[in-house]
Amino acid sequence: MRYSQLLIPTLKEVPSEAEVVSHVLLLRGGFIRKLTAGIYTYLPLGLMAIRKVEQIVREEMNRAGAQEVLMPMVQPADLWMETGRYKKYGPELLRFHDRHERESCLGPTHEEVITDIARKELHSYRDLPVNLYQIQTKFRDEIRPRFGLMRGREFIMKDAYSFDVDDAGAEVSYRKMYDAYRRIFTRCGLDFRAVQADSGAIGGNFSHEFMVLAKTGEDTIVICDSCDFAANKEKAAVVLRPAAEGEPLRVMAKVETPGKRKVETVCEFLGIGPEALVKTMVYKADGVPVAVLLRGDREVEEVKLKNLLGVADVELAGEQEVFDATRVPTGYLGPVGLSLRLVVDQEVAAMRNFTVGANEKNHHLQNVNLGRDFQVEAVGDLRRITVDDPCPQCGGRLALTEGIEVGHVFKLGTGYSQSMNATFQDSDGQGKHFVMGCYGIGVSRVVAAAIEQNHDEHGIVFPVPLAPFTVIVLNLGGKDETLCELAESLYGKLQAAGLEVLLDDRDERPGLKFKDADLLGIPYRVTVGNSYTKSGKVEVRRRRDGVVEELTPEETVTFLVERIGAELKK
RNA sequence: CGGGGCAUAGCGCAGCCUGGUUAGCGCGCCUGCCUUGGGAGCAGGAGGUCGCAGGUUCGAAUCCUGCUGCCCCGACCA
């Protein structure tokens, strides 16, 4: 295509609204424009990049045996009431009424709709397994949309849903998707990790997130440097190290700690380390207060707490809520004599003679011991993993790193098929619930993630498979007819050779064309200028590393076809 | 939802504290000349409900009140 005929409104200056590099470069390169918070228009170049990702996703999904469909974005509330999610989903679900006052919502995800299709259209075990997917705009009214395409309210997602006769089948479907995802992100040219993720109530090891490694990632992942263990931080199991044996149980004693409420100040006042203190935190588990015990220097991993308690949501209680539930001011809470549900981290269960709040203002208890001085409802792994913990798989050293979640595969089980009564007739004549899986890819986020991972001070450095164009031909000929004709013929020949070429035919000075070409991140640049007049060769430059080849026009075509072909095959 | 910040030309900003003619600057845009290998130069020009609504005042971009929008941080440690 011709630059002069494309809308590519590049910006010289950094728009004030943008913070992260992908957002800045997408705006500066004229790929996107914001309409309102978290909602963007994809301009021609932005859409081309999106389409590249979509095409790779489509090819790999089809190859894995999935079938493409397209479901409605507007969905009736009734369906969501069947699964109970109309209430549970919260304010992220955008609800509205149509002219007939029917309650509706914009689809943030499509389990309900697809399960409805399944129960209506899939009747026999002979119809299974089935995997249906779509690439579609989703709407989620995020608490805080940010970072451009990274966390938008409206975004493009590929979502797939598998239906199987039983768990074994579902696990095969899951594995197929897992493998397809690996191929997709590899083909996109991304540096990514598949990490274990929280699988909530379903349990088992059937939830993986695909994380693009980048500092701006909103997730933290844990990677082992000596085995293949990789997990989302919220999922990573903490290995309980054996407690030091032998310390005799001492007599519990109340001490005065006037005005000392924080772990730090209590420890300082008592002359102990935070690892000798146990803090008591009150959470609201689906609204019900629950006390959680944790070593003084540890942090709660809320996802683990949620799973241990078997609730949908946990939230730290406020000071007033804590007082209402316990009649104790925050800072002096403790497990002894507390009348709340009580769960403890496994580490605490192994401790002896620790210090806790006395449930009385300005007092703490020392030499407290679980079992002797108080009882608990449950013990489990509740704390956030740290780099000092060993790898749960091999005991090796762990590293924490940031990642951008671009994909998630998840075994759903029969939760949706049961609540929506979606069954098929099995070979034994019995009606059974579908065993489901769901698989998502943030298509628009992939573009942002790719840029987070591939850029330099001049602009984007697109991986070849995602680049809107793989070659840009700069016509620096000005009024020189020979050069203009050469640029035109090269443009034609490269296109005829099957490459996606952008011809910068604008009546602009060379400097500006170079700057724009760099900013747009097109992998290969061909410069037709006065060096050709001198030597009969044009300059072919690779965006990624600036490596330059001086080639004749004929050589240029074969060189680029070969290079780009090789990079697409990877 | 809590905290902080911002809102003046397409973009980036100044002016506001200390109210006073016609609201500025850079980039971009238009016209012409000139130039053509890293965001050129010269000349001329267009473009503004100063976010919205009230209020104070002889007079408001500027002071006050309310609202809206956007951005950032947080919504996990008692």
Side-chain angles (χ1 to χ4, degrees), chain A residues 9-20 23-24 27-28 30 33-39 90-91 143-148 220 233-234 257 260-267 274 277-284 289 291-306 314-323 325-326 328-334 338 345 356-357 359 361 364 382-384 458-459 474-480 483-484 504 506-519 525-534 538-539 541 546 548:
Chain A
T10 58
L11 302 172
K12 208 170 189 174
E13 287 176 280
V14 178
S16 59
E17 71 193 56
E19 194 76 7
V20 300
H23 192 192
V24 168
L27 287 169
R28 283 196 55 212
R33 285 295 183 262
K34 184 178 73 182
L35 180 61
T36 182
I39 298 181
I143 301 178
R144 182 148 92 89
R146 56 182 143 185
F147 304 153
T220 304
K233 187 175 63 169
E234 58 188 34
T257 49
K260 311 298 179 194
R261 302 174 46 169
K262 290 186 166 286
V263 169
E264 237 175 83
T265 52
V266 171
C267 287
L277 184 134
V278 168
K279 56 186 177 184
T280 305
M281 286 173 290
V282 177
Y283 274 85
K284 289 181 292 177
V292 179
L293 295 189
L294 205 66
R295 208 172 87 174
D297 54 344
R298 303 303 194 189
E299 296 178 19
V300 171
E301 189 61 74
E302 293 189 0
V303 169
K304 292 179 178 178
L305 178 61
K306 207 154 54 169
V314 296
E315 189 188 347
L316 198 66
E319 258 185 61
Q320 188 59 46
E321 290 167 314
V322 172
F323 188 78
T326 63
V328 177
T330 57
Y332 304 103
L333 271 179
L338 192 70
D345 180 58
V356 298
N359 291 328
K361 191 172 181 186
H364 280 74
L382 293 176
R383 63 167 255 242
R384 175 164 299 174
H458 302 293
L474 301 192
N475 178 5
L476 303 188
K479 292 197 176 66
D480 183 324
L483 290 179
C484 289
D504 192 345
R506 293 175 298 170
D507 182 20
E508 293 287 354
R509 295 172 57 84
L512 186 138
K513 294 189 177 187
F514 288 133
K515 289 289 183 189
D516 276 342
D518 286 347
L519 177 61
R525 185 184 83 193
V526 178
T527 307
V528 179
N530 48 27
S531 67
Y532 178 77
T533 318
K534 289 176 202 142
V538 298
E539 176 196 287
R541 185 174 189 271
V548 168

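Here is the naming used below: chain letters follow the sequence lines, and residue numbers restart at 1 for every chain. When reading the values below, keep in mind they use all heavy atoms of this one structure, side chains included, and skip hydrogens, waters and symmetry mates. Note that the coordinates shown come from a computational prediction; the quantities given were computed from them, not determined experimentally.
- Distances were taken from every side-chain heavy atom of A/Thr10 (C-beta onward) to each of B/C72, B/U35, B/G39; the shortest belongs to B/G39.
- The base-pairing partner of B/C25, taking Watson-Crick or G-U wobble contacts with both distances under 3.5 Å, is B/G12.
- Between the CG atom of A/Leu293 and the CG atom of A/Asp345 there is a distance of 9.0 Å, given to the nearest 0.5 Å.
- In this structure, B/C77 makes no Watson-Crick or G-U wobble pair, since no nucleotide meets both defining distances under 3.5 angstrom.
- Pair assignment for B/U68 gives B/A7, based on Watson-Crick or G-U wobble hydrogen-bonding distances that are each under 3.5 Å.
- Considering only side-chain atoms of A/Val263, the nucleotide from B/A78, B/C71, B/G38 that sits closest is B/A78.
- Backbone-only engagement by A/Val14 is indicated by non-hydrogen atom pairs under 4.0 Å involving sugar-phosphate atoms exclusively.
- Of the candidate nucleotides B/A40, B/G38, B/A78, B/A78 has the atom nearest to the side chain of A/Leu316.
- No N or O donor and acceptor, one from the side chain of A/Thr36 and one from the base of B/G69, sit under 3.5 Å apart.
- For B/C77, its base sits under 3.5 Å from the side chain of A/Glu299 at one donor and acceptor pair at least.
- For A/Arg144 against B/G3, a side-chain-to-base donor-acceptor contact under 3.5 Å is absent.
- Comment: A/Glu301 does not engage A/Lys233 in a salt bridge, judged by the lack of any side-chain N to carboxylate O separation of less than 4.0 angstrom.
- Here the side chain of A/Ala37 is nearest to one of B/C70, B/C73, B/G37, namely B/C70.
- Of the candidates B/U36, B/G74, B/G12, B/G74 carries the atom nearest the A/Arg146 side chain, counting heavy atoms from C-beta on.
- Distance alone, capped at 3.5 Å, places no donor-acceptor pair between the A/Arg295 side chain and the A/Leu277 backbone.
- For A/Arg506 and B/G39, a side-chain-to-base donor-acceptor distance below 3.5 Å is absent, hydrogens and geometry of angles not being considered.
- Nearest to the side-chain atoms of A/Glu539 among the listed nucleotides B/G39, B/G12, B/G37 stands B/G37.
- More than 12 heavy atoms of other residues, nucleotides or ligands shown are found within 6.0 angstrom of CD on A/Glu17.
- Listed nucleotides: B/C77, B/C72, B/C27. Nearest to the side chain of A/Lys12: B/C27.
- As a whole-Å value, the separation of A/Glu13 CD from B/A9 C1' is 14 Å.
- In a base pair of the Watson-Crick type (N1 to N3 plus N6-O4 or O6-N4) or a G-U wobble (N1-O2 and O6-N3), with each distance short of 3.5 Å, B/C33 is matched with B/G41.
- Taking only side-chain atoms of A/Asp516, from C-beta outward, the nucleotide of B/G39, B/U36, B/A75 with the closest atom is B/G39.
- A/Leu512 places its CG atom 16 Å from the P atom of B/U36, with the value rounded to the nearest Å.
- Comparing B/G37, B/A78, B/G74 by their closest approach to the side chain of A/Asn530 singles out B/G37.
- Looking at the side chain of A/Arg28, the nearest of the listed nucleotides B/C70, B/G37, B/G39 is B/G39.
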